[in-house]
Trainee: 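One structure follows; several queries about it will come next.
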Amino acid sequence: MALPSADLGDGTYRNPVLDADWSDPDLLRVGDDFYLTASSFGRAPGLPLLHSRDLVNWTLVGHALQRLEPAREFRNPRPDCGVWAPALRHHDDRFWIFWGDPDHGIFQVNAPQIRGPWTRPQLVKEGKGLIDPCPLWDEESGEAYLVHAWARSRSGVKNRLTGHRMRPDGTGLIDEGKVIVDADLIPGWFTLEGPKAYRHDGWFWIFAPAGGVETGWQGAFRSRGFFGPYEERVVLEQGDTRVNGPHQGGWVRTAAGEDWFAHFQQRGPYGRVVHLQPMRWGEDGWPVLGDRGAPVAVHRKPDLPAQPPSAPATDDDFPGGRFGRQWQWTANPQDGWATQHSGDGLRLTCVRTADAHDLRRLPHVLTQRIPGAAATVQVDLCLDSEEPGARAGIAVLGDAFGWIGLRREPDGSVRLVHRFAETAAVGAPAVRSGPCEGERDAAPARPAPEGRARLWIEIGAGARCRFSYDVGGGRQPSGQAFAATPWRWVGALLGLFALAPSGAGHAGAATFTRFRVVPTP
């Protein structure tokens, strides 16, 4: 099951079309099919792959990156690192995805089909602060190019785009690069990033946002040559709408010749949700996005065959102990964290850890995106560990976190516990090398005599979350409302976990069944 589609069923759709954290989207069309990928940062598997036939109804069909590389760098959570702003292209009968890792450089993977098999990541350009790359194969000249932006946090450089000639096989670059757009020279422009390169009507085009993710705008640049000079125009901005900072996405054309543009909107704890804007080319040759440059809230659907309503899956019965594509670990996974079996239910090993009191540090939390609309999350839990201090539960995970679940006590009993941790430092990354404040009780512990519980998280307006439970006497509320917080660049996550304190030997497991996300009427 999934949350409701953005398809209103009357020939129109509402924005956002993807109401969850599908950050930095890029999309393309191959035949009658549309595909979209997004940033996945430090989670694994990475590079989600979504499919649609009408640009409104989407399903998640897989991931292009099973493990992040270099693998040693992602053994522990790095929520603001890893895969930034990928570009999805189709060339020479292959799918290609390029992305920037701000600490290592520009990578690419490719595959003959969207579902793979995908190659292992290849480093195209090594360096610090190289982000948001996009390739361009120019069919008119046979030349291949690449454009990328810069992260000042790693390189000391920002607000400019650098262009390269690229080997046609995408394996590397063949020049030192040249700044092709310096936005320091454009009055009022700052934080230029996220370029997507195209050829259209005899021009080289770069669609690139500026002004910051929460308050900025979408720009377009054009030149007769890839290396410039470029002229610019703002083509989408908030105007008098509620869509702050319409930002960073991609242009796609249907087989019938309609043009559409997908971009994100930063929504705090919900992350970066995806909007779809109509697009046309004006008489002066420049693109016009949305309603004369402002985002649309409701619009007619693309002129494409009707599709059944769909949205990326959220619910899971975990058949055979397997989890659905919507789930990602908070770091590269290790064997044995989740075990397969003959029945239904997710069986997570109670992994021993010295960081038992800080979920932000754990690589073995299985997560999915928090829904952007009000909903109630439900899961059943059985704690099968006899290890004192072993615990398992469901969490809302960000730079602060809250969780509810079960814990084995030193006397052998099991208790229902509800805990939380505050943001450790305003504006600082949640995962740090030094000590940070751990979790505290959000409500008194209560007996769970059968070692089982049904758990709920009600996600309300502003991502305020209320926890409740049933350990045999009916549903009961627990603690105060918890305001979900994002990680840096990443929306809050729903997470399932099982752990045990440091020690020797196997510490048992926990079983989760019937995970559901039900929209609030």
Side-chain angles (χ1 to χ4, degrees), residues 43-44 67 74-77 316 318 320-323 327-368 379-397 401-421 431 435-436 438-442 445-455 467 469 471 493-515:
R43 305 194 300 280
R67 298 177 68 86
F74 294 97
R75 289 176 295 186
N76 293 303
D316 207 340
F318 310 108
R322 299 174 179 85
F323 49 85
W327 297 97
Q328 298 170 289
W329 300 103
T330 46
N332 279 339
Q334 297 180 20
D335 292 339
W337 285 355
T339 57
Q340 297 180 10
H341 52 87
S342 59
D344 288 350
L346 175 68
R347 191 168 180 82
L348 293 184
T349 299
C350 291
V351 177
R352 292 189 180 275
T353 176
D355 294 317
H357 294 287
D358 196 338
L359 300 183
R360 296 166 293 201
R361 293 178 177 268
L362 302 185
H364 51 89
V365 181
L366 191 63
T367 69
Q368 66 168 277
V379 70
D380 292 349
L381 169 63
C382 177
L383 182 62
D384 301 315
S385 172
E386 300 297 327
E387 181 73 16
R391 68 203 71 167
I394 181 172
V396 177
L397 185 61
F401 67 85
W403 69 272
I404 191 168
L406 298 173
R407 181 180 65 204
R408 179 71 65 176
E409 300 299 315
D411 64 3
S413 65
V414 176
R415 297 180 76 83
L416 185 288
V417 293
H418 179 191
R419 312 207 79 197
F420 77 101
V431 179
C436 58
E439 62 186 35
R440 295 183 287 158
D441 286 329
R446 298 168 175 86
E450 297 182 3
R452 297 176 177 272
R454 177 165 290 177
L455 307 170
F467 294 76
Y469 66 92
V471 290
L493 300 166
L494 297 170
L496 304 177
F497 71 93
L499 60 86
S502 297
H506 185 66
T511 302
F512 296 85
T513 53
R514 287 186 53 80
F515 184 91

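The first residue in the sequence is number 1, and the count goes up from there.
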Trainee: Could you check whether any side-chain heavy atom of Arg360 comes within less than 4.5 Å of a side-chain heavy atom of Leu397, counting everything from C-beta outward?
Mentor: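 Result yes, sub-4.5 Å side-chain heavy-atom pair found.
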Trainee: Decide yes or no on side chain to side chain contact (heavy atoms under 4.5 Å, CB included) for Trp403 and Val417, but give the supporting numbers first.
Mentor: CA-CA 8 Å; Trp403 69 272; Val417 293; 3.3 Å; yes
Trainee: Rounded to the nearest 0.5 Å, how far does CG of Leu346 lie from CG of Asp380?
Mentor: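 The CG atom of Leu346 is 12.5 Å from CG of Asp380, to the nearest 0.5 Å.
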Trainee: Hey, could you give me the CG/CG distance between Leu381 and Leu406, rounded to the nearest 0.5 Å?
Mentor: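 It is 4.5 Å, given to the nearest 0.5 Å.
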Trainee: Using 0.5 Å steps for rounding, measure from the CG atom of Asp344 to the CZ atom of Arg322.
Mentor: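 These two atoms lie 11.0 Å from each other.
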Trainee: Under the rule for ring pair (Phe, Tyr, Trp, His ring centres under 6.0 Å), what residues qualify as partners of Trp329, not counting sequence neighbours?
Mentor: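 Checked Trp329 against ring pair (Phe, Tyr, Trp, His ring centres under 6.0 Å); matches are Phe323, Trp337.
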Trainee: Determine whether Ile404 and Leu416 satisfy the following criterion, side chain to side chain contact (heavy atoms under 4.5 Å, CB included), listing intermediate values before the conclusion.
Mentor: CA-CA 7 Å; Ile404 191 168; Leu416 185 288; 4.1 Å; yes
Trainee: So do the side chains of Phe420 and Arg440 get within less than 4.5 Å of each other, counting heavy atoms only?
Mentor: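 They are in contact (side-chain heavy atoms under 4.5 Å apart), so the answer is yes.
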Trainee: Within the 4.5 Å heavy-atom criterion, are Arg415 and Arg391 side-chain neighbours or not?
Mentor: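 Answer no - side chains too far apart.
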Trainee: Treating Thr349 as the side-chain partner and Gly336 as the backbone partner, does any N or O pair qualify as donor plus acceptor under 3.5 Å?
Mentor: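 Yes, the answer is positive, given that a donor and an acceptor are paired below the 3.5 Å cut-off.
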Trainee: Quick check: closest heavy atoms across Ser385 and Cys350, and the distance to 0.1 Å?
Mentor: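 Heavy atoms only, the tightest pair is CB-SG, 3.9 Å.
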Trainee: Glu387 versus Arg408: any side-chain heavy-atom pair under 4.5 Å?
Mentor: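 A side-chain contact is absent here, since even the closest heavy-atom pair is not under 4.5 Å.
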Trainee: Show the nearest heavy-atom pair for residues Arg361 and Asn76, with the distance to one decimal.
Mentor: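 The pair with the smallest heavy-atom distance is O-OD1, 4.4 Å.
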Trainee: Could you tell me whether a side-chain N or O of Arg67 sits under 3.5 Å from a main-chain N or O of Pro333, the two making a donor and an acceptor?
Mentor: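 Checking the backbone N and O of Pro333 against the side chain of Arg67, a donor-acceptor pair under 3.5 Å is found.
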Trainee: Checking the side chain of Thr367 only, and the main-chain atoms of Leu494 only, is there a donor and an acceptor separated by less than 3.5 Å?
Mentor: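 Answer holds: no.
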Trainee: Counting C-beta onward and ignoring hydrogens, is there a side-chain heavy-atom pair between Asp358 and Phe401 closer than 4.5 Å?
Mentor: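 Yes - at least one pair of side-chain heavy atoms lies under 4.5 Å apart.
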Trainee: Among Val379, Asp316, Leu366, which residue satisfies the side-chain contact (heavy atoms from CB on, under 4.5 Å) criterion with Phe512?
Mentor: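 With Phe512 as partner, Val379, Asp316, Leu366 yield a single side-chain contact (heavy atoms from CB on, under 4.5 Å), made by Val379.
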Trainee: Do you know which two heavy atoms are closest between Pro447 and Val471, and how far apart they sit?
Mentor: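 Answer, listing the atom of Pro447 first, then Val471: O-CG2, 3.6 Å.
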Trainee: Output yes when a side-chain donor or acceptor of Thr511 lies under 3.5 Å from a complementary backbone atom of Cys382, and no otherwise.
Mentor: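 Flag not set: sc Thr511 to bb Cys382 has no pair under 3.5 Å.
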Trainee: Answer with yes or no whether the side chains of Ser502 and Arg352 bring together a donor and an acceptor at under 3.5 Å.
Mentor: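 No donor-acceptor contact under 3.5 Å links the two side chains.
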Trainee: Quick check against the 3.5 Å criterion: does Thr330 have a side-chain atom that pairs as donor or acceptor with the backbone of Leu362?
Mentor: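 Pair found, side chain donor or acceptor close to backbone of Leu362.
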Trainee: Give me the atom names and distance for the closest heavy-atom approach of Gly438 to Ala421.
Mentor: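 It is O-CB, 3.8 Å.
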Trainee: Should the heavy atoms of other residues, nucleotides or ligands under 6.0 Å from CD of Glu450 be counted, would the total exceed 12?
Mentor: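 12 or below, so no.
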Trainee: Is any NZ, NE, NH1 or NH2 atom of the basic residue among Glu439 and Arg407 found under 4.0 Å from an Asp or Glu carboxylate oxygen of the other?
Mentor: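 Salt bridge absent between Glu439 and Arg407.
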Trainee: Hey, mind stepping through Val396 and Phe467 against side chain to side chain contact (heavy atoms under 4.5 Å, CB included) and telling me if it holds?
Mentor: CA-CA 10 Å; Val396 177; Phe467 294 76; 4.3 Å; yes
Trainee: Please examine the side chains of Leu493 and Arg43, heavy atoms only from C-beta on, and report whether any two atoms are closer than 4.5 Å.
Mentor: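 Answer yes - side chains close enough.
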Trainee: Using 30° and 60° as the class boundaries, would you call the ring planes of Phe515 and Trp327 parallel, tilted or perpendicular?
Mentor: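 Aromatic pair Phe515/Trp327 classed perpendicular.
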Trainee: Does CG belonging to Asp335 count more than 12 external heavy atoms closer than 6.0 Å?
Mentor: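 No, CG of Asp335 has 12 or fewer neighbouring heavy atoms, counting only those of other groups under 6.0 Å.
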